[in-house]
Amino acid sequence: MVLRRIGTAALRLAVVIGLTAVLAPAASAQSGIEQNFAASLTAIPQDNLSVAGGFYVPVYSSVSMSQGKLRADFSVTLSIHNASETKPLVVKRIAYFDTSGKLVESYLKAPIALKPFATVEIFIAIGDVRGGTGANFAVDWAAAGEIAEPAVEALMVGSVGNAHYAFVSQGRPVRLVGNN
């Protein structure tokens with residue numbers, strides 16, 4: 001009887017922990033970036049962030065195939081690379097939008113700074129089709145003075161039957177504000 005109660009309590013705890021992980025992806029995403037990429041991060045520069053820009057990155061968590069009769073789902077890995085060898089890059093926003101332009105998830109609660117030549121990534125699992133066939137990311141960045149433009153791209157990977165697919169979508173600069 002005691003073992004049954006302990007087993008039931010453990011099962012309830014596991015369900016609560018599992019539901020918390022599913023229902024709070026934004027909180028885990030923020031800590032995920034900071035934890036998973038701690039070696040890539042540095043302190044935000046104290047100097048004025050006088051250069052800024054943004055990227056639009058089209059991604060595809062799903063692709064229609066066979067004249068719209070078949071849907072292939074893909075995992076998505078968004079990579080943000082600091083292309084500067086000497087200066088930190090401040091990432092101010094990483095936002096994921098669906099096909100209709102609705103915000104699906106925001107991955108930063110506060111800006112982060114990448115070390116020179118460092119990278120951070122966001123991963124969207126193959127089963128997460130919230131973005132749909134026209135999903136996209138918006139990435140905003142800044143730096144203290146002139147800096148090499150970051151490289152921002154997404155890798156999609158998936159399969160249909162025995163066929164495996166992988167393709168890359170490069171981010172497109174959507175605004176650049178020079179020195180003030």
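Numbers here simply count residues along the sequence, with the first being 1. Computed over heavy atoms, backbone and side chain alike; hydrogens, waters and symmetry mates excluded.
Across all non-hydrogen atoms, the minimal contact from Phe123 to Thr77 is CD1-OG1, 3.4 Å. In plain terms, the two heavy atoms of Ala83 and Glu149 that are nearest each other are CB-O, 3.3 Å. When all heavy atoms of Pro45 and Ala144 are compared, the closest pair comes out as CB-CB, 4.4 Å. Scanning both residues, Ala138 and Arg93, for their nearest heavy atoms gives CB-NH2, 3.3 Å. When all heavy atoms are compared, the tightest approach of Pro88 to Thr42 is CB-CG2, 3.9 Å. The minimum heavy-atom distance between Ala154 and Val57, with the atom names listed, is CB-CG1, 4.0 Å.
The ring of Phe167 has its center closer than 6.0 angstrom to the ring center of Phe74.
Judged by distance alone, the side chain of Asn136 and the main-chain N or O of Tyr56 form no donor-acceptor pair under 3.5 Å. Listed for the Lys92 side chain is no donor-acceptor partner under 3.5 Å among the backbone atoms of Ala110. With Ser75 contributing its side chain and Ile126 its backbone, the two residues share no donor-acceptor pair below 3.5 Å. Ser62 contributes no side-chain N or O that, together with a main-chain N or O of Gly132, makes up a donor-acceptor pair within less than 3.5 Å. Ser159 places no side-chain N or O within 3.5 Å of a backbone atom of Gly161 that could act as its donor or acceptor partner. Listed for the Thr99 side chain is a donor-acceptor partner under 3.5 Å among the backbone atoms of Thr133.
Side-chain contact between Phe137 and Val76 is present, with at least one heavy-atom pair separated by less than 4.5 Å. Between Trp141 and Val51, the closest side-chain pair of non-hydrogen atoms falls below 4.5 Å. Residues Arg71 and Val129 form a side-chain contact, since some pair of their non-hydrogen atoms from C-beta on lies under 4.5 Å apart. Inter-residue side-chain proximity for Pro150 and Asn82 is flagged as unmet; no heavy-atom pair is nearer than 4.5 Å. Within the 4.5 Å cutoff, no side-chain heavy atoms of Phe117 are placed close to those of Lys115.
There is a path of hydrophobic side-chain contacts, each under 4.5 Å, that joins Met156 to Leu70. Tyr96 and Phe37 fall within a single hydrophobic cluster, where Ile, Leu, Val, Met, Phe, Trp and Tyr are joined by side-chain heavy atoms under 4.5 Å apart, directly or via other members.
Ser66 meets the side chain to side chain donor-acceptor pair (under 3.5 Å) test with no other residue; sequence neighbours excluded.
Put simply, OG on Ser79 and CD1 on Ile122 are 9.5 Å apart, with the number rounded to the nearest 0.5 Å. Within the model, atoms CG of Leu114 and CD1 of Ile80 stand 7.5 Å from one another, a figure rounded to the nearest 0.5 Å. Residue Ser61 holds its OG atom at 8.0 Å from CD1 of Ile124, rounded to the nearest 0.5 Å. The distance from atom CD1 of Ile94 to atom CD of Glu121, rounded to the nearest 0.5 Å, is 10.5 Å. Here Thr119 contributes atom OG1 and His81 contributes atom NE2; the two are 4.5 Å apart, rounded to the nearest 0.5 Å. With values rounded to the nearest 0.5 angstrom, Leu41 atom CG is found 7.0 Å from Glu34 atom CD.
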(request) Assess whether salt bridge (Lys or Arg N to Asp or Glu O under 4.0 Å) is satisfied between Arg130 and Glu105, documenting all intermediate values. (result) CA-CA 10 Å; Arg130 295 177 295 163; Glu105 193 163 339; 2.9 Å; yes
(request) Apply side chain to side chain contact (heavy atoms under 4.5 Å, CB included) to the pair Val63 and Asp73, showing each step before the final yes or no. (result) CA-CA 6 Å; Val63 174; Asp73 297 330; over 6 Å; no
(request) Evaluate the side chain to side chain contact (heavy atoms under 4.5 Å, CB included) criterion for residues Leu49 and Val90: first the C-alpha distance (whole Å), next the side-chain angles of each, then the deciding distance (0.1 Å), finally the verdict. (result) CA-CA 9 Å; Leu49 299 177; Val90 176; 4.0 Å; yes
(message) Apply side chain to side chain contact (heavy atoms under 4.5 Å, CB included) to residues Tyr165 and Met65 and explain how you reach the verdict.
(response) CA-CA 13 Å; Tyr165 301 93; Met65 302 177 82; 3.9 Å; yes
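Exactly one of Leu103, Val59, Val104 qualifies for a side chain to side chain contact (heavy atoms under 4.5 Å, CB included) with Phe97. That residue is Leu103.
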